[in-house]
Protein chains: 2
Amino acid sequence: MTVSEQKATDRAGPAASDLAFAHHDHAHCSTDALARAEALTAAKGARMTPVRRRVLEILLEEHRALGAYDVLSRLVSEGFGNQPPVAYRALEFLVEQGLAHRIQRLNAFAACVHAGEDHAPAFLICRDCHTVAEAEAGAARAALETEAARAGFLVERTTIEAMGLCPNCRTHAA
Amino acid sequence: MTVSEQKATDRAGPAASDLAFAHHDHAHCSTDALARAEALTAAKGARMTPVRRRVLEILLEEHRALGAYDVLSRLVSEGFGNQPPVAYRALEFLVEQGLAHRIQRLNAFAACVHAGEDHAPAFLICRDCHTVAEAEAGAARAALETEAARAGFLVERTTIEAMGLCPNCRTHAA
DNA sequence: CTTGACCTGTTATGATATTACATTCATAGA
DNA sequence: TCTATGAATGTAATATCATAACAGGTCAAG
Ligand SMILES: [Zn+2]
Ligand SMILES: [Zn+2]
Ligand SMILES: [Zn+2]
Ligand SMILES: [Zn+2]
């Protein structure tokens, strides 16, 4: 990473204290994200319907990734449709709108904690407590694009994920 | 990326001409990989059985990722067992031995073209022709670890994949 | 030749995801 | 206001990906 790239990362990236692992006022974190989601979809003319809103709320409850069927079972118990497309369509919408991310490693979905910020996310997945934190992947993505460019490959989308131990679980393990 | 990191990449990484996209003597590329696989497993005392060898050969036929069921259907037509565990177990073995990689994005598997080299792979996946090239991810992984360290997260395994257009398909598209 | 580890075959099931079509809902234009 | 239209949702059926559990076979060390 060059010095200028590091500075860019420092400007754009979340502070370490923003990360899911740190203690924080999660009720605020969650309602804030939901409010921003409403504003963003309204601005784009996209429709934040009840199912979609509820799915986002469910994802926001914890900093974990949920499978489509986990989400679906929650929806069913609240009177929404009980077939897979109900969950998959709402999740697809949220991902398209940048309000949620798909975690490839887990075949699961997590709410975006930086909605509207046009960020390059990496995901830090704790194998122990299953918390998923969204980290800044600008530098990693740049390195990947550099490598791709050597091959003449045009990068359109990237998947950058790390599996390991979060600070809390490291401490417990030690 | 620092200058020293760039140099490290240049030393360790494959030349651009090594990549799957470039024209190359693939018969040699393939038989060579198979020979190295035999040597590596022998050295480790692991058993390269007929199914396992055949699965590796199948993966080596092209620089693409194959799903477990694609592999399985090939095995069936050659007299091996026709149940999913037959394919999954052979693939699991190859991944454990570092002879193949799992491509998360595709739920599929590709032969490793740098077996035994202790590399940090990134995968460049062409959305058009489905070729999968293995690129050097040392720099990207280092950037990801730096970011993870800020959060106190201990990285154990990484998934670094890019979806996009390979040089050939870029040309055709243009 | 027995033992024990490992490998393979097979059944059954579970988990993830999509296609297709019918119905309902929101809203822009007549 | 009253449709026409496209969007969203509900539902059934199916496709795709993955693992658990157990039985039987192979092979080399003892
Ligand atoms: Zn939070
Ligand atoms: Zn944890
Ligand atoms: Zn080749
Ligand atoms: Zn291509």
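Here is the naming used below: chain letters follow the sequence lines, and residue numbers restart at 1 for every chain.
If you take CZ of B:Arg89 and C1' of C:dA5, they are 15 Å apart, rounded to a whole angstrom. If you take CG of B:Leu91 and P of D:dC17, they are 13 Å apart, rounded to a whole angstrom. Per the geometry, OH belonging to A:Tyr88 stands 14 Å off P belonging to D:dT16, to the nearest Å. Between A:Gln104 atom CD and C:dA15 atom C1' there is a gap of 16 Å when expressed in whole angstrom units. Rounded to whole Å, atom P of C:dT18 lies 8 Å from atom CD of A:Glu92. When rounded to the nearest whole Å, the span between CG of B:Asn107 and C1' of D:dA15 equals 14 Å.
With sequence neighbours excluded, the residues satisfying ring-ring contact (aromatic ring centres under 6.0 Å, His included) with B:His26 are B:His24, B:His63. Considering only residues two or more places apart in sequence or on other chains, B:Phe109 meets the ring-ring contact (aromatic ring centres under 6.0 Å, His included) condition with none of them. Legend: residues meeting side chain to side chain donor-acceptor pair (under 3.5 Å) with B:Arg127, ordered by chain and number and at least two apart, are A:Glu156.
For residues 133-154 of chain B, the set of pairs meeting the ring pair (Phe, Tyr, Trp, His ring centres under 6.0 Å) definition, not counting sequence neighbours, comprises A:Phe21-B:Phe153. Under the ring pair (Phe, Tyr, Trp, His ring centres under 6.0 Å) criterion, no residue pair touches residues 35-56 of chain A, with sequence neighbours excluded. Legend: salt bridge (charged side-chain N to carboxylate O under 4.0 Å, His left out) pairs involving residues 34-52 of chain A, not counting sequence neighbours, sorted by first then second residue: A:Asp32-A:Arg36, A:Glu38-A:Arg53.
A heavy atom closer than 4.0 Å to some atom of DNA chain C occurs in B:Arg47, B:Thr49, B:Val51, B:Arg52, these being the qualifying members of residues 45-54 of chain B. Of the residues in residues 63-87 of chain B, those lying under 4.0 Å from DNA chain D by heavy-atom distance are B:Tyr69, B:Pro84, B:Pro85.
Connection of A:Ile103 to A:Leu59 is not established within any shared hydrophobic cluster, with ILVMFWY side chains joined at heavy-atom distances below 4.5 Å, either directly or through further cluster members.
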Determine all donor-acceptor pairs shorter than 3.5 Å in which one atom belongs to a side chain in residues 159-174 of chain B; sequence neighbours excluded.
| from | atom 1 | to | atom 2 | distance (Å) |
| --- | --- | --- | --- | --- |
| B:Thr159 | OG1 | A:Arg105 | NH1 | 2.9 |
| B:Glu161 | OE1 | B:Arg105 | N | 3.0 |
| B:Glu161 | OE2 | B:Gln104 | N | 2.8 |
| B:Arg170 | NH1 | A:Gly152 | O | 2.9 |
| B:Thr171 | OG1 | B:Pro167 | O | 2.9 |

